[in-house]
Chemist: 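Provided herewith is a single structure, encoded as structure tokens, for subsequent inquiry.
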Amino acid sequence: MTEHQPELPIPTAAHVGFFAVLRGTFTGTEIFFRLRRHSLWRTLLHLGLISFLLAVLATFIIGNRLRPELNAFKEAVVREFGDALLVSPDGIRPQRNPERARTIELPFRSRLIYVPDFSKGINIDAGELAGMEAFALWTPRFLLAARGNPGGETWQTYTATPPAGSSEKVLSTPELVDFLRAGQAPTGEWPVRKTETLPIEPQFAAIPPAIGIVFFIMEFFGVILYTLLFAAMSKLLSFGRPQALSFAEFWRVGIYAAFPVMAVTAAFPLFALPLSRYSSLFFVFGLIVYWMAIAGRLERTLAGNQEENSQ
């Protein structure tokens with residue numbers, strides 16, 4: 001009778017360093033046997049680090065790419081509105097000719113529309129909106145930013161109404177036209193009691209870092225949301241079947257599986273590659289495929305070892 005030779009134990013030691021994690025997740029699947037044992041806090045720390053690195057790249061690359069447009073935008077704003085904003089009890093107004101409405105053309109088929117009184121709306125139609133990819137409406141007590149969605153039928157809108165807060169909505173073109181024509185009177189108490197001057201130059205200098213912050217938030221919390229939802233769905237659809245990976249291990253594997261996918265899909269907006277609008281879709285698809293391949297290998301190996309140990 002031949003004596004059974006037990007398999008070598010699967011490496012399970014935790015505390016893999018961040019750069020070793022990057023090297024391992026980008027080059028193979030062996031490291032995931034160890035990463036599944038990481039604590040949640042260590043996993044989130046590593047996710048935060050890679051999100052931070054990508055955010056730094058976004059700040060540098062996108063900031064440099066947009067610098068000519070930002071400089072042109074700043075020059076147009078300063079030329080038309082002055083080099084400072086007046087933050088007063090009446091709201092936020094331009095330093096130059098605050099009572100006169102006007103529009104300036106911006107790069108990328110966009111516009112900045114200033115209206116000193118939005119209570120009666122503005123005269124605009126669907127044809128005029130069709131010629132724009134984005135626009136911003138600035139009134140003393142209300143700010144609206146709108147970006148056209150693919151297809152031109154709907155607009156992603158962001159509104160800020162201090163001190164009430166901000167909101168985000170998707171509006172069809174007719175709905176947006178109706179809103180702009182109807183206008184909106186100021187609501188709530190304005191918190192400013194005395195007039196102050198706010199220079200424009202520092203506001204433009206803050207745009208690249210703001211891009212990096214937004215990029216970090218989207219990467220970090222996007223990965224947590226997508227992986228947690230998919231892990232929960234996978235658990236529910238398993239219908240109680242025994243699984244070698246616990247829910248927590250499966251989720252941690254998903255977070256680490258996202259690292260190379262994050263790097264690849266981040267290249268779309270960073271380098272303005274074609275189909276950048278669909279980078280989130282590519283991320284979800286790539287994550288699921290890679291995650292399932294890794295989890296399948298772990299499940300088979302762990303289940304095989306459990307069967308061997310039970311004999």
Side-chain angles (χ1 to χ4, degrees), residues 18-19 21-22 25-26 38-67 69-70 73 108 110 133-134 136 143-150 154-170 202-233 251-273 275-288 290-291:
F18 175 66
F19 292 103
V21 167
L22 290 184
T25 55
F26 278 69
H38 273 191
S39 67
L40 176 61
W41 297 115
R42 192 174 186 84
T43 302
L44 294 180
L45 173 63
H46 287 165
L47 175 60
L49 288 173
I50 190 172
S51 300
F52 175 76
L53 290 178
L54 292 174
V56 171
L57 284 175
T59 302
F60 179 75
I61 296 175
I62 298 179
N64 280 339
R65 189 173 70 242
L66 294 182
R67 182 169 287 111
E69 287 79 9
L70 288 177
F73 182 17
F108 309 114
S110 56
E133 289 189 6
L143 178 66
L144 166 72
R147 177 177 57 84
N149 289 323
T154 60
W155 293 76
Q156 191 76 35
T157 64
Y158 309 86
T159 59
T161 312
S166 60
S167 63
E168 178 180 347
K169 291 182 180 179
V170 176
Q203 316 312 314
F204 280 90
I207 291 178
I211 292 174
I213 293 172
V214 171
F215 204 91
F216 173 85
I217 293 172
M218 292 177 62
E219 292 291 324
F220 183 80
F221 291 102
V223 169
I224 292 176
L225 177 63
Y226 289 137
T227 55
L228 188 57
L229 287 177
F230 190 77
M233 289 177 57
W251 184 31
R252 287 193 291 267
V253 167
I255 291 176
Y256 280 114
F259 285 15
V261 184
M262 291 168 67
V264 172
T265 55
F268 283 87
L270 287 181
F271 300 104
L273 299 178
L275 304 178
S276 292
R277 287 177 179 263
Y278 305 101
S279 58
S280 296
L281 180 62
F282 297 152
F283 170 80
V284 173
F285 179 75
L287 170 62
I288 292 175
Y290 190 46
W291 187 4

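Because only heavy atoms are used, hydrogens play no part in the values below, and waters and symmetry mates are left out as well, while side chains stay in.
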Chemist: Rounded at 0.5 Å granularity, tell me how far CG in Asn149 sits from CD in Glu133.
Modeler: 12.0 Å
Chemist: What is the minimum heavy-atom distance between Ala257 and Tyr290, and which atoms define it?
Modeler: O-CD2, 3.2 Å
Chemist: Less than 4.5 Å apart, side chain to side chain, heavy atoms only: is that true for Thr157 and Val170?
Modeler: no
Chemist: Examine Phe220 together with Phe52 and report whether their ring centres are nearer than 6.0 Å.
Modeler: no
Chemist: Atom CZ of residue position Phe60 - does it have more than 12 heavy atoms of other residues, nucleotides or ligands inside 6.0 Å?
Modeler: no
Chemist: Which atom names give the shortest non-hydrogen contact between Leu22 and Thr25, and what distance separates them?
Modeler: O-OG1, 3.3 Å
Chemist: Taking all non-hydrogen atoms of both residues, which atom of Pro260 and which atom of Phe26 are closest, and how far apart?
Modeler: CA-CZ, 3.6 Å
Chemist: Quick one: CZ on Arg252 to CG on Leu44, what's the gap to the nearest 0.5 Å?
Modeler: 10.0 Å
Chemist: Which pair of non-hydrogen atoms, one from His38 and one from Tyr256, has the smallest distance, and what is that distance?
Modeler: ND1-OH, 2.7 Å
Chemist: May I have the step-by-step check of side-chain contact (heavy atoms from CB on, under 4.5 Å) for Ile207 and Leu70, ending in yes or no?
Modeler: CA-CA 9 Å; Ile207 291 178; Leu70 288 177; 3.8 Å; yes
Chemist: If you round to the nearest 0.5 Å, how far is OG1 of Thr265 from CG of Leu54?
Modeler: 8.5 Å
Chemist: Below 6.0 angstrom between ring centroids: does that apply to His46 and Phe259?
Modeler: no
Chemist: Start with the C-alpha distance between Trp155 and Arg147, add both sets of side-chain angles, then the distance that settles side-chain contact (heavy atoms from CB on, under 4.5 Å), and finish with yes or no.
Modeler: CA-CA 6 Å; Trp155 293 76; Arg147 177 177 57 84; 5.6 Å; no
Chemist: Show, in sequence, the C-alpha distance, side-chain angles and deciding distance for Met262 and Val223, and conclude whether the side-chain contact (heavy atoms from CB on, under 4.5 Å) test is met.
Modeler: CA-CA 9 Å; Met262 291 168 67; Val223 169; 3.6 Å; yes
Chemist: Check Ala206 against Pro209 and note the closest heavy-atom contact, atom names and distance.
Modeler: O-CD, 3.3 Å
Chemist: Quick check for you: to the nearest 0.5 Å, what is the distance between Leu66 atom CG and Phe73 atom CZ?
Modeler: 12.0 Å
Chemist: Looking at Trp291 versus Phe230, is the centre-to-centre ring distance below 6.0 Å?
Modeler: yes
Chemist: For Ala55 and Gly212, work out which heavy atoms get closest and say how close.
Modeler: CB-O, 3.2 Å
Chemist: To the nearest 0.5 Å, what is the distance between OG1 (Thr159) and NZ (Lys169)?
Modeler: 7.0 Å
Chemist: To the nearest 0.5 Å, how far apart are CG in Leu45 and CZ in Phe18?
Modeler: 8.5 Å
Chemist: Report the residues that fulfil ring-ring contact (aromatic ring centres under 6.0 Å, His included) with Phe221, sequence neighbours left out, ordered by chain and then residue number.
Modeler: none
Chemist: Let me see the working for Ile255 and Trp251 under side-chain contact (heavy atoms from CB on, under 4.5 Å), right down to the final yes or no.
Modeler: CA-CA 6 Å; Ile255 291 176; Trp251 184 31; 3.8 Å; yes
Chemist: Within a strict 4.5 Å, meaning less than it, do heavy atoms of the Tyr226 and Val284 side chains meet?
Modeler: yes
